[in-house]
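Here the structure comes first, spelled out in structure tokens, and everything after it is commentary.
Every heavy atom of this structure was used, including side-chain atoms; hydrogens, water molecules and symmetry mates were not.
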Amino acid sequence: MKTLNLIFATAGKTDMTITLANPKEGLTREEVNTAAAKLIPILVTRSGAEVTALTRATISTTTTEELA
């Protein structure tokens, strides 16, 4: 399974991570930046800190193996 991890900086000097399952194939950083720019104004942390910028975007791939 693949996940897209968006790591944002916050006004509270912490990071906020949003993880999305099954990102589309061939996703580019430009596409992620465009989507993140729309999210930043509406995101806040649990403690109320505003999100200020996207700092990293990664795609993680995991495999699951069932034990016999």
Review point. For Asn33, which of Glu30, Glu31, Arg29 qualifies under side-chain hydrogen bond (donor to acceptor under 3.5 Å, both in side chains)?
Key: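 Testing Asn33 for a side-chain hydrogen bond (donor to acceptor under 3.5 Å, both in side chains) against Glu30, Glu31, Arg29 leaves exactly one candidate, Arg29.
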Assigning hydrophobic clusters by single linkage (Ile, Leu, Val, Met, Phe, Trp, Tyr; side-chain heavy-atom cutoff under 4.5 Å), is [X] placed with [Y]?
X	Y	result
Leu39	Val32	yes
Leu6	Val44	no
Ile18	Val51	yes
Ile7	Leu43	no

To the nearest 0.5 Å, what is the distance between [atom1] ([X]) and [atom2] ([Y])?
X	Y	atom1	atom2	result
Thr61	Lys2	OG1	NZ	5.0 Å
Asp15	Thr10	CG	OG1	7.0 Å
Glu50	Met16	CD	CE	12.0 Å

**Study point:** Minimum heavy-atom distance between Gly12 and Ala49, given as atom pair plus value
**Key:**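 Shortest heavy-atom separation between Gly12 and Ala49 comes out as N-CB, 3.7 Å.
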Point to revise | Where Pro23 and Ile59 come nearest, the two heavy atoms and their spacing | key: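 Nearest pair, atom of Pro23 first, then Ile59: CG-CD1, 4.4 Å.
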Point to revise | Candidates Thr14, Ile40, Thr55, Thr45 - the one meeting side chain to side chain contact (heavy atoms under 4.5 Å, CB included) with Phe8 | key: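 Exactly one candidate clears the test, Ile40.
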Practice item. Test Thr17 against Asn5 for side-chain hydrogen bond (donor to acceptor under 3.5 Å, both in side chains), laying out the working first. Key: CA-CA 7 Å; Thr17 302; Asn5 307 296; over 6 Å; no
